[in-house]
Trainee: 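What follows is a structure written as structure tokens; I'll ask about it next.
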Amino acid sequence: MLRRGLGRLKRRLRRIGPAPAAALAGLAAAVAAVVLAPSRPAALAVAAVVAVLELGLLAALLLRLEDAVKEAAVAPAQAAPVTAPQPVRAGKLPARKLRPLRRWTARLTRGFSATALPVMYGYADNEQGTYPFRIAMLDAIVEWRKGLRERRDEPFQGHLDIVLVSNLNLLGGTTASNVEEVRAYLRAGLSVGLLHHPVFEWNVGRDVNPKVAELAAEGAVMLRPGDDVTCDLMIVRFPPSLAKPLDDRPEIKPARTVLLINQTPFESYGPDGGRHFSWDVATVRDNLAAWAGPSTWYAIGPSVRETLERHHADELAGIEFAEDYWFGSLDPDLWRREGPREPDGTIRIGRHSRDHPLKWQTIAEDLRAAHPDGEDFEVHVLGGAESPRRVLGELPANWTEYPFGSVPAIEFLHSLDVAVYFTAEEYVEAFGRSPMEAMAAGLPCVMPPRFRPLFGDGGLYCEPHEVEDVVRGLMADPERYRAQSERSLAVVREHFSHEALLRRVAALGVRVPGARPGPGGPAGTADESGAR
């Protein structure tokens, strides 16, 4: 029992750090000296020496706090570097202390300094907190300010054709769309600025996606606080970012601003309303207006507009909503394959997407039907298959799973015969980049009927139990397969290509060499309503 008690005391002394532990040791030494010294003068002398040492230690701690307070008086001049500095004294803090330290350090260094600093100083001033934790908070602030002072590069000043504002640290379709569009602008000879706007409540500390970082080498300008920019068009993609605008951001003066609605306010909707809240219409509207003035909102597909009009009509009052859509885009010449896969006696169907429960059917019977397990069927999945595994209990023997990012999407699609893409019934798929890429590769793509207003003649539509018959019919008739492949490519080229994107931005005032201004309606339709 004595050993356990000493062990607990040792652990507690270690947790509160070396400085206070040394102070306690010095105090204990003074008491021992007074008790054990042979004479009173000797005891008083030892006590005096210890007292001087104690005062020196206390003075050192006070000086450390004074330095931090002085640092707090220095106003930030620019943004922090892209990679957040690590707190220098995090040391062996327990996980429950590391989490808030890392969270608030990330917010401090990624553009939310006015919000993060008061909280971090509050932690540091809290006398109930442990010394290592309090000092680590102060060290994080000091390191951040040191990074600001050491930056010597001049701010960017000038005019850009387009500025794209988005959360640039995401891993899925939003980043793919951003990268594809920026490359289209750059190849057309346009100047482009990029502003990383993370979501305050999400993975703020995650670095910018490497695919986005590559765009700087291709000519895009990474904007930071202190920059002063005018532009013909500011495009804001990903509404959740504007739930809380950045504290530290560049000065941007756009001639025109658009907000791309690539995610509905709730992830899914049922009879009782929305589920899994993502963003609030009124908050985003007000924050964007305060930042950039008037804006035009674009849905990236019919399902987004329908959901907003059905569930959020009252909140849309006063918002200028575009009649056409801001579809995703790509270069079909890069995606297209030459002819179908070499026959080998099997029918290979597949899909690629991030592994999220709503990206897959949630009813086991429907999931099995949409991915047949016949002896001649192979099911290939790129992006992970943990969600269908949970629904089915285990993956059927004819499934092959590829982790996210393990195979280039183009290479994966070129290895398939037919793409099949079904999601949870309650999920609102804002656009459907996965089916678009499959069609651009020349694959017939089988989807539920709710995708028809978006892809029109470019897709094949049926219920889950009809998938096997539809696929077998295609594979048994090479001419029908070829005709569907050509229709898919034609729809992609007309509505989802770089050329279609450039026509869209030209209509919004961007001077695009050789562009033919004009809106692009839903694929395979004559007008925006979806009527043929």
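Just so it is clear, the values below take in all heavy atoms, side chains as well, and ignore hydrogens, waters and symmetry mates.
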Trainee: Over 60° means perpendicular and under 30° means parallel, so tell me whether Phe496 and Phe327 are parallel, tilted or perpendicular.
Mentor: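 Because their plane-to-plane angle is over 60°, the rings of Phe496 and Phe327 count as perpendicular.
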
Trainee: Do the ring planes of His371 and Trp360 sit parallel (below 30°), tilted (30 to 60°) or perpendicular (above 60°)?
Mentor: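 Correct class here is tilted.
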
Trainee: How far apart are the C-alpha atoms of Arg305 and Glu323, what are their side-chain angles, what is the distance that settles it, and do they pass the salt bridge (charged side-chain N to carboxylate O under 4.0 Å, His left out) test?
Mentor: CA-CA 10 Å; Arg305 174 183 290 167; Glu323 293 184 359; over 6 Å; no

Trainee: Is the backbone of Asp161 close enough, under 3.5 Å, to the side chain of Ser191 for a donor and an acceptor to pair up by distance?
Mentor: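 Side chain of Ser191 to backbone of Asp161, a donor-acceptor pair under 3.5 Å: yes, one is there.
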
Trainee: Using 30° and 60° as the class limits, which term best fits the ring planes of Trp297 and Trp279: parallel, tilted or perpendicular?
Mentor: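 Trp297 vs Trp279 ring planes: tilted.
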
Trainee: Can you tell me if Ser387 and Asp355 form a side-chain donor-acceptor pair at under 3.5 Å?
Mentor: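 Their side chains do contain a donor-acceptor pair, which is all the 3.5 Å distance test asks for.
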
Trainee: Would you sort out whether Glu378 and Ile347 count as a side-chain contact (heavy atoms from CB on, under 4.5 Å), showing the intermediate values?
Mentor: CA-CA 6 Å; Glu378 293 181 4; Ile347 300 174; over 6 Å; no

Trainee: With a distance cut-off below 6.0 Å to the six-membered ring centre and an angular limit of 45° from the axis, does Arg107 pair with Phe200 as a cation-pi contact?
Mentor: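 Arg107 over Phe200 ring: yes.
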
Trainee: Taking Ser406 for the side chain and Pro403 for the main chain, is one N or O donor matched with an acceptor at less than 3.5 Å?
Mentor: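 Checked: pair present.
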
Trainee: If we count only N and O atoms by modelled type, under 3.5 Å, do the side chains of Arg433 and Ser177 hold a donor and an acceptor together?
Mentor: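 Yes - a donor-acceptor pair under 3.5 Å links their side chains.
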
Trainee: With under 30° as parallel and over 60° as perpendicular, where do the rings of Phe455 and Phe451 fit, or are they tilted in between?
Mentor: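 Rings of Phe455 and Phe451: parallel, under 30°.
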
Trainee: Is the backbone N or O of His356 less than 3.5 Å from a side-chain atom of Arg354, with the two atoms forming a donor-acceptor pair by type?
Mentor: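 Looks like no, no N/O pair under 3.5 Å.
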
Trainee: Counting heavy atoms not belonging to Arg103, are there more than 12 under 6.0 Å from its CZ?
Mentor: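 Correct, the count exceeds 12.
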
Trainee: Do we see a donor-acceptor contact under 3.5 Å between the side chains of Ser353 and Arg351?
Mentor: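 On atom types as modelled, these side chains qualify, holding a pair under 3.5 Å.
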
Trainee: Does atom CD of Glu214 have more than 12 heavy-atom neighbours, drawn from other residues, nucleotides or ligands, at distances under 6.0 Å?
Mentor: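 Buried by this count: over 12 neighbours within 6.0 Å.
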
Trainee: Are any side-chain N or O atoms of Glu401 and backbone N or O atoms of Ala385, one a donor and one an acceptor, separated by less than 3.5 Å?
Mentor: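 Yes; judged by distance alone, with no hydrogens or angles, the pair exists.
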
Trainee: Working to the nearest 0.5 angstrom, can you tell me the gap between Gln484 CD and Leu489 CG?
Mentor: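 Rounded to the nearest 0.5 Å, the CD-CG separation comes to 10.0 Å.
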
Trainee: Find the distance between CE (Met447) and SG (Cys462) and round it off to the nearest 0.5 Å.
Mentor: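 Met447 atom CE to Cys462 atom SG measures 10.0 Å (nearest 0.5 Å).
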
Trainee: Any idea which heavy atoms bring Val510 and Ile162 closest together, and the distance?
Mentor: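 Taking every non-hydrogen atom into account, CG2-CG1, 4.0 Å.
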
Trainee: Quick check: does any side chain N or O of Tyr421 sit under 3.5 Å from a backbone N or O of His352, one acting as donor and the other as acceptor?
Mentor: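 Checking the backbone N and O of His352 against the side chain of Tyr421, no donor-acceptor pair under 3.5 Å is found.
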
Trainee: Are any side-chain N or O atoms of Ser485 and backbone N or O atoms of Gly442, one a donor and one an acceptor, separated by less than 3.5 Å?
Mentor: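 Yes, because the side chain of Ser485 sits within donor-acceptor range (under 3.5 Å) of the backbone of Gly442.
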
Trainee: Run the side chain to side chain donor-acceptor pair (under 3.5 Å) test on Ser241 and Asn167 for me, step by step, so that the C-alpha distance in whole Å, both residues' side-chain angles and the decisive distance to 0.1 Å come before the verdict.
Mentor: CA-CA 7 Å; Ser241 292; Asn167 185 358; 4.8 Å; no

Trainee: Between Asp207 and Arg110, does at least one N-O distance fall below 4.0 Å, as a salt bridge requires?
Mentor: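 Result for this pair is yes, salt bridge flagged.
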
Trainee: Under 3.5 Å, is there a donor-acceptor pair linking the side chains of Thr115 and Lys244?
Mentor: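 Present: a donor and an acceptor within the cut-off.
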
Trainee: Taking salt bridge (charged side-chain N to carboxylate O under 4.0 Å, His left out) as the cut-off, I'd like each qualifying pair that reaches into residues 250-270, sequence neighbours left out, listed once.
Mentor: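 Listed by first then second residue: Asp228-Lys253.
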
Trainee: Step by step, would you call Glu425 with Arg450 a salt bridge (charged side-chain N to carboxylate O under 4.0 Å, His left out)?
Mentor: CA-CA 10 Å; Glu425 283 291 336; Arg450 64 179 180 271; 3.6 Å; yes

Trainee: Taking the side chain from Glu320 and the backbone from Thr296, do they hold a donor-acceptor pair closer than 3.5 Å?
Mentor: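 Not a single qualifying donor-acceptor pair exists.
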
Trainee: Start with the C-alpha gap between Arg341 and Asp417, add the side-chain angles, then the distance that decides, and say whether salt bridge (charged side-chain N to carboxylate O under 4.0 Å, His left out) holds.
Mentor: CA-CA 6 Å; Arg341 185 177 72 92; Asp417 294 314; 3.0 Å; yes

Trainee: How far does CG of Leu501 sit from CG of Leu330, to the nearest 0.5 angstrom?
Mentor: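 Reported to 0.5 Å precision, the distance equals 10.5 Å.
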
Trainee: So among Arg187, Glu180, Arg503, which one has a side chain to side chain donor-acceptor pair (under 3.5 Å) with His498?
Mentor: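 With His498 as partner, side chain to side chain donor-acceptor pair (under 3.5 Å) holds for just one option, Glu180.
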
Trainee: Does the pair Glu315/Arg285 count as a salt bridge with the N-to-O cut at 4.0 Å?
Mentor: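 The answer is no: the pair does not qualify as a salt bridge.
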
Trainee: Give a yes or no on whether Asp314 atom CG has more than 12 heavy-atom contacts from other residues, nucleotides or ligands under 6.0 Å away.
Mentor: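 No, the 6.0 Å shell around CG holds no more than 12 heavy atoms from other groups.
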
Trainee: Between Arg389 and Glu394, does at least one N-O distance fall below 4.0 Å, as a salt bridge requires?
Mentor: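 Judged by the 4.0 Å cut-off on N to carboxylate O distance, Arg389 and Glu394 do not form a salt bridge.
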
Trainee: Should the ring pair Phe412 and His380 be called parallel, tilted or perpendicular, given that the plane angle runs from 0 to 90° and is split at 30 and 60?
Mentor: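 Ring orientation of Phe412 relative to His380: tilted.
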
Trainee: Got a salt bridge between Asp333 and Arg493, using NZ or NE/NH1/NH2 to carboxylate O under 4.0 Å?
Mentor: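 Salt bridge present between Asp333 and Arg493.
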
